[in-house]
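A short write-up of the structure that comes next.
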Amino acid sequence: MLVQFMAKNVLSFKDETVLDMTAINAYKEHPCNVIDIGGKEKYLRVAAIYGANASGKSNLYFAMHYFQRIIVESLNNVDEGKETAIEKYYVPFQFERNEENSEFQIIMILDGFEYKYGFEYNSECIVTEWMYRKKLETNRTVTIFERETDQVNFGPSVRKECEVYKEQIPKETLVLSFFNKLKLKDNTMKNVYSGIMSTLVVPADFCEDTEILETLLPQVIDYEKEKLLEFLSAIDTGIKDIGYDDSEKETFFYTVHKGRDGERYPLNLYSESEGTIKSILLFIYARTAILHDRSIFVDELNVKLHPLLLKFIVDLFYEEKSKAQLIYTTHDTTLMDKKFFRRDQIWFVQKDEYGYSELSALSDFKIRSDASFEKDYLAGVYGGIPFIKEFTVKEGV
């Protein structure tokens, strides 16, 4: 479960930027919108991030993507003269002459422990890296490791197994990536690696990637067809059945619709609207997250979706027994309402005239009890909207 994600000097986020999924205990509205694991803190199930075009809200999605890719790829090709992961994903703020190090940190809860893991890097090396573990039951924190480029200090729980390998870790490689590849008796490294990678990072154009559909949809049809059809019926697609034929070289997917004459008519899945295809993919992602208590980060969730369908997708994550989380960026303000969201669930990204993006929460503002979130947002009270200057197109000019 995601508690916090921090990025610093990444794309348009020059200063330290923190997305915090910790619920504010003083807010008592919508108790079903938070995850209660029995401790002092509760955590948000859904966070919506608003911002104007080019404000940088998608850069928060890219920051999570780059963070994951560095972890996955930092052990690859370091001795083959190829571009390293830290070279590829070192994308500092561009509008300053002095390039500084970039930094990521994640805080997450796994199996009764809170883990804090992060690293600072540039295009040449990992500058620092750290991992700490806190037992939620006792609030006791221990160090797993602390690293400064070529020197790693391990905590007592992993020192005996890990110390022997520390001279073998290249300066371009994360300690986490290195030890995830080894078979150790202590599973801390693998658990943290898996926990970070369990966050599903979904791009805005994912409905155009048929490879994802062709890989995942057959399993859904085979094992969860009834649930999928319930979903498609609930969002009023008119689809009565869905199936596939893999007897040929390429798998053929089809839907079935009922005509006015009562007959059933098959239709190539790719002849359905982009909104329907995106809905099917969203069902697959959401179902995966909800069943396995995973977090999902979707860029521009509202694209090609009707506002009522957007609400339907969001409401899926309010499943009481699940610890799944949905974080999404959007332009659609129809859900920006106290009827649906708590104040700590709504976030804004604003970019200033010099290209610096800033992330803030609605809870950072003093809000009247009778305030309309959407109306005040569109009026510019919270930022995160475009500044439209007067512009006239004159004929013949």
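Computed from heavy atoms alone, side chains included, the values below leave out hydrogens, waters and symmetry copies. A quick note: this is a predicted structure, and the numbers were derived from the prediction, not measured.
- A side-chain donor-acceptor contact under 3.5 Å links Q94 to the backbone of P92.
- Listed by chain and number, the residues in a side-chain contact (heavy atoms from CB on, under 4.5 Å) with T215 are E211 (sequence neighbours excluded).
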* Given M189 and V175, is the side-chain contact (heavy atoms from CB on, under 4.5 Å) satisfied, shown in steps? -> CA-CA 9 Å; M189 303 290 191; V175 172; 4.3 Å; yes
* When you look at D241 and K225, which way does the salt bridge (Lys or Arg N to Asp or Glu O under 4.0 Å) test go after all the steps? -> CA-CA 9 Å; D241 199 1; K225 183 176 180 178; 3.0 Å; yes
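- Of the options T188, T143, T141, a side-chain hydrogen bond (donor to acceptor under 3.5 Å, both in side chains) to R133 is made by T188 and by none of the others.
- Under the side chain to side chain donor-acceptor pair (under 3.5 Å) criterion, S102 pairs with no residue at all, not counting sequence neighbours.
- Taking the side-chain contact (heavy atoms from CB on, under 4.5 Å) definition, one finds that N302 meets it with E300, L310, T330, H331, D332, sequence neighbours left out.
- Considering only residues two or more places apart in sequence or on other chains, T128 meets the side chain to side chain donor-acceptor pair (under 3.5 Å) condition with E120.
- Residue K14 places its NZ atom among more than 12 non-hydrogen atoms of other residues, nucleotides or ligands, all under 6.0 Å distant.
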* To do: Mind running side chain to side chain donor-acceptor pair (under 3.5 Å) on D20 and Q4 for me, showing each step along the way?
  => CA-CA 5 Å; D20 193 343; Q4 276 187 11; 3.2 Å; yes
Taking distance alone, no hydrogens or angles, what donor-acceptor pairs closer than 3.5 Å link side-chain atoms of residues 258-267 to residues at least two apart or in another chain?
{"unit_1": "D261", "atom_1": "OD1", "unit_2": "E263", "atom_2": "N", "d": "2.9"}
{"unit_1": "D261", "atom_1": "OD2", "unit_2": "Y265", "atom_2": "OH", "d": "2.6"}

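- Sorted by first and then second residue, the salt bridge (Lys or Arg N to Asp or Glu O under 4.0 Å) pairs involving residues 151-163 (not counting sequence neighbours) are E163-K166.
- Checked by atom type, the side-chain pair E146/N153 shows no donor-acceptor distance below 3.5 Å.
- Between I144 and S157, some side-chain heavy-atom pair lies under the 4.5 Å cut-off.
- Every residue two or more places apart in sequence or in another chain was checked for a side chain to side chain donor-acceptor pair (under 3.5 Å) with E16, and none qualifies.
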Review item, side-chain donor-acceptor pairs of residues 341-349, under 3.5 Å, at least two apart:
{"unit_1": "R342", "atom_1": "NE", "unit_2": "D344", "atom_2": "OD1", "d": "3.0"}
{"unit_1": "R342", "atom_1": "NH1", "unit_2": "Y27", "atom_2": "O", "d": "3.2"}
{"unit_1": "R342", "atom_1": "NH1", "unit_2": "E29", "atom_2": "O", "d": "3.2"}
{"unit_1": "R342", "atom_1": "NH2", "unit_2": "I24", "atom_2": "O", "d": "3.1"}
{"unit_1": "R342", "atom_1": "NH2", "unit_2": "D344", "atom_2": "OD2", "d": "2.8"}
{"unit_1": "D344", "atom_1": "OD2", "unit_2": "I24", "atom_2": "N", "d": "2.8"}
{"unit_1": "Q345", "atom_1": "OE1", "unit_2": "N33", "atom_2": "ND2", "d": "2.8"}
{"unit_1": "Q345", "atom_1": "OE1", "unit_2": "R342", "atom_2": "N", "d": "2.9"}
{"unit_1": "Q345", "atom_1": "NE2", "unit_2": "V46", "atom_2": "O", "d": "2.9"}
{"unit_1": "Q345", "atom_1": "NE2", "unit_2": "Y318", "atom_2": "OH", "d": "3.2"}
{"unit_1": "W347", "atom_1": "NE1", "unit_2": "D344", "atom_2": "O", "d": "3.4"}

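- Both Y121 and V72 sit in one connected hydrophobic cluster of ILVMFWY residues. Membership requires side-chain heavy atoms under 4.5 Å apart, directly or through other members.
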* Passes side-chain contact (heavy atoms from CB on, under 4.5 Å), N76 versus T173? Steps please. -> CA-CA 8 Å; N76 300 341; T173 299; over 6 Å; no
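- Neither Y223 nor V220 shares a network with the other; the hydrophobic side chains, linked directly or stepwise wherever heavy atoms of I, L, V, M, F, W or Y lie under 4.5 Å apart, form separate groups for each.
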Below 3.5 Å, can you tabulate the donor-acceptor pairs from side chains in residues 282-290 to any protein atom, sequence neighbours excluded?
{"unit_1": "R287", "atom_1": "NE", "unit_2": "E224", "atom_2": "OE2", "d": "2.7"}
{"unit_1": "R287", "atom_1": "NH2", "unit_2": "E224", "atom_2": "OE2", "d": "3.1"}
{"unit_1": "T288", "atom_1": "OG1", "unit_2": "I284", "atom_2": "O", "d": "2.8"}

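- For Q325 against S295, the heavy-atom pair with the smallest separation is OE1-OG, 2.8 Å.
- Between the side chain of T333 and the backbone N or O of M336, no donor-acceptor pair lies under 3.5 Å.
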* Asked: Do R294 and S198 pass the side-chain contact (heavy atoms from CB on, under 4.5 Å) test, and can you show the C-alpha distance, the side-chain angles, and the key distance before you say yes or no?
  -> CA-CA 6 Å; R294 298 173 70 174; S198 72; 3.8 Å; yes
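- Side-chain contact between E358 and D352: absent, with no pair of heavy atoms (C-beta onward) separated by less than 4.5 Å.
- Enclosure of atom CD in E124 is not indicated, since only 12 or fewer non-hydrogen atoms of other residues, nucleotides or ligands lie within 6.0 angstrom.
- Scanning for side-chain contact (heavy atoms from CB on, under 4.5 Å) contacts around Q168 gives Y165, F178, with sequence neighbours left out.
- Checked options V91, T17, N59; the residue passing with S12 is N59 (criterion: side-chain contact (heavy atoms from CB on, under 4.5 Å)).
- Side-chain heavy atoms closer than 4.5 Å link hydrophobic residues (I, L, V, M, F, W, Y) into clusters, and following such links, possibly through other members, connects L228 to L200.
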Show every donor-acceptor pair shorter than 3.5 Å between a side-chain atom in residues 104-119 and any protein atom, with sequence neighbours excluded, or say none if there are none.
{"unit_1": "Q105", "atom_1": "OE1", "unit_2": "W130", "atom_2": "NE1", "d": "2.8"}
{"unit_1": "Y117", "atom_1": "OH", "unit_2": "E129", "atom_2": "OE2", "d": "2.7"}

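- Partners of P218 by side-chain contact (heavy atoms from CB on, under 4.5 Å), not counting sequence neighbours, listed by chain and number: Y244, F253.
- Atom CG of D236 has 12 or fewer neighbouring heavy atoms from other residues, nucleotides or ligands inside a 6.0 Å radius.
- No hydrogens or angles considered: nothing links the side chains of T329 and S58 as a donor-acceptor pair under 3.5 Å.
- The hydrophobic cluster containing L60 does not contain V18, counting ILVMFWY residues as joined when their side-chain heavy atoms lie under 4.5 angstrom apart, directly or transitively.
- Looking at F67, F13, Y66 one by one, the single match for ring-ring contact (aromatic ring centres under 6.0 Å, His included) with F5 turns out to be F67.
- V152 and Y132 end up in different hydrophobic clusters when Ile, Leu, Val, Met, Phe, Trp and Tyr side chains are linked at under 4.5 Å.
- Considering I242, T255, L232 as possible partners of E272, the one that fulfils the side-chain contact (heavy atoms from CB on, under 4.5 Å) test is T255.
- Counting heavy atoms from C-beta on, the side chains of R147 and I169 come closer than 4.5 Å.
- No hydrogens or angles considered: nothing links the side chains of E230 and S233 as a donor-acceptor pair under 3.5 Å.
- Ring geometry for F179 versus F154: interplanar angle over 60°, hence perpendicular rather than tilted (30 to 60°).
- Under 3.5 Å, the side chains of Y356 and E96 contain a donor-acceptor pair of N or O atoms.
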* Given side chain to side chain donor-acceptor pair (under 3.5 Å), test T276 with S279 step by step and report yes or no. => CA-CA 5 Å; T276 296; S279 299; 5.8 Å; no
